[in-house]
Amino acid sequence: MQPKLSATVMKERVMTALAGVSDPEIPTISIVDLGMVEDVRVHEAPTRVEVDLVPTFLGCPALAMISQRAMTAIRTQLGLSSDQVRVVFSTRSAWDTTRIHPQGRDRLKAFGMAPPPKVSASEFVAGQTSVACPFCGSEDTKLENIFGPTACRAMFYCRRCRNPFEAIKPV
Amino acid sequence: MTIEGPNHVKPEYRIPLTEVLWQLADDDLVIAFRASEWLGLAPHIEADVAFASIAQDEMGHATMYFELLEALGEGSRDDLAHLRPSAERRNAVLLEIPNGSGSYLHEPHFDWAFTVCRHYLYDVFEALRLEALTQSSYLPLRQVAQKAIREEVYHLAHQELWLRQLAEHSKLTRARLVDGLSQAMSWAGDLTWAAPWQAAFEEFSLVPGYRALQQRWRDAIDRKFREWGLPLLKAEMPLNGRDGRHTRHLDDVLSTLSEVYRLDPTAKW
Ligand SMILES: [Zn+2]
């Protein structure tokens, strides 16, 4: 039997649990870093946790896995049963790449992936932005394909270190 | 006017609302299927990768629209996607036409130029329609549109790139492109066609400016076709998919798409 926690402490623990839930395709970045956590609601008596997540790309096959992992993390770290925790995807607000936290952008770079440039999708496809190479930092890079291995990434080539790399594309 | 959700829907609003949603869901489901048939077959690795993402995005959008229908009590989203007969489908006929002769598993002699043209014609229309839907009176639909429209920018840019390359590369690619374009235009009429009964789409601000979309689509494609030196062909309408009239090709799509679901609706993989 766990001691009863106040709503504030519970909310903190939920956030800690969520910060440990990584993107299945980019293991160094969490769903908190990605700005996918829209709202956390905690009720003290009876104990109940509700989490609203925002889907990134609508057809992203990782979404189901992400909500499952979030659910498991909260349950194990707070010692709750499955009917006390609800994790849902909400479409009330739209996710966009400006929601990625600064720490998340750094972690993407450390993973070898360029964070999304801060321009619109139209400016991006028109090549009106420079994307720095995550390996050498050079801005002498070229957009090779606006589609990459997953729907959210584009392919670039670095003319300086001659590496291909992926960038999260702005949406 | 804003209708917050399913609980606020009155009967006279419900009919045109579901009609709009059928059209959206069926269009994206069928085009997603055709896009997925290029996996492993596209003439260029980057085009292959692109069609994988495009198919996934469009399928994701179809899922969202089927969920909105489910929330209105029309049935479960999977049943709606898999089990409705073709006469109930509202997708534009252009989207169900095969990518070429043969089939995915057997002698796929697909036509890349036709595919690029078909997707381009659809993506231009989809972008305009989504833009209108971002002002829709039905809030859940507005929210989905605001999301989907950002993904659409990439689809359109990709097809434009291919069209321009095929138009400008050589005599041969241009001739094939013109051939693909005339095939696509010979089916494209119902894509943008607005029926008299669709006046309710505007009356209830479900799709603001719905009837003007046809002309806006025409202007948008003509502007590009002039730039690329392509003929401005008439969009023919041998069949009207918005009215539930389809080619036998749609039956083929549905039978492949739903094969597993019909065998075992609980199957997971
Ligand atoms: Zn570099």
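Remember, it's a predicted structure, so these values are computed and weren't measured experimentally. Below, chains carry the letters A, B, ... as their sequence lines are ordered, and counting in each starts from 1.
For A:T56, the part lying near chain B is the backbone, with the side chain staying farther off; criterion is any non-hydrogen pair under 4.5 Å. If you measure heavy-atom distances from B:M59 to chain A, you find no contacts under 4.5 Å at all. For a residue to count as touching a neighbouring chain, one of its non-hydrogen atoms must lie under 4.5 Å from one of that chain's; by this rule A:P55 touches chain B with the backbone only. Proximity to chain B (any heavy atom under 4.5 Å) is shown, for A:V171, by both the backbone and the side chain.
The closest donor-acceptor contact from the side chain of B:R150 to the backbone of A:W95 lies under 3.5 Å.
No more than 12 heavy-atom neighbours from other residues, nucleotides or ligands sit within 6.0 angstrom of NE2 on B:H169. For CD of A:E144, the number of neighbouring non-hydrogen atoms (other residues, nucleotides, ligands) closer than 6.0 Å is greater than 12. Within a 6.0 Å radius of CZ in B:R142, other residues, nucleotides and ligands contribute more than 12 heavy atoms. With a 6.0 Å radius and a threshold of 12 heavy atoms from other residues, nucleotides or ligands, A:R86 has its CZ atom at or below the threshold.
Between A:F147 and B:H155, the ring planes are tilted. Angles from 30° to 60° get that label.
Here the shortest heavy-atom pairing between B:Y154 and A:I146 reads O-CD1, 3.3 Å.
Contact count versus chain A (heavy atoms, under 4.5 Å) is highest, among B:H61, B:H158, B:E58, for B:H158. By number of non-hydrogen pairs under 4.5 angstrom with chain B, the leading residue of A:G148, A:P149, A:S120 is A:G148.
Inspection of non-hydrogen atoms places B:E46, B:V49, B:A50 of residues 19-50 of chain B under 4.5 Å from chain A.
Between A:F124 and B:V153 there is no side-chain heavy-atom pair separated by less than 4.5 Å.
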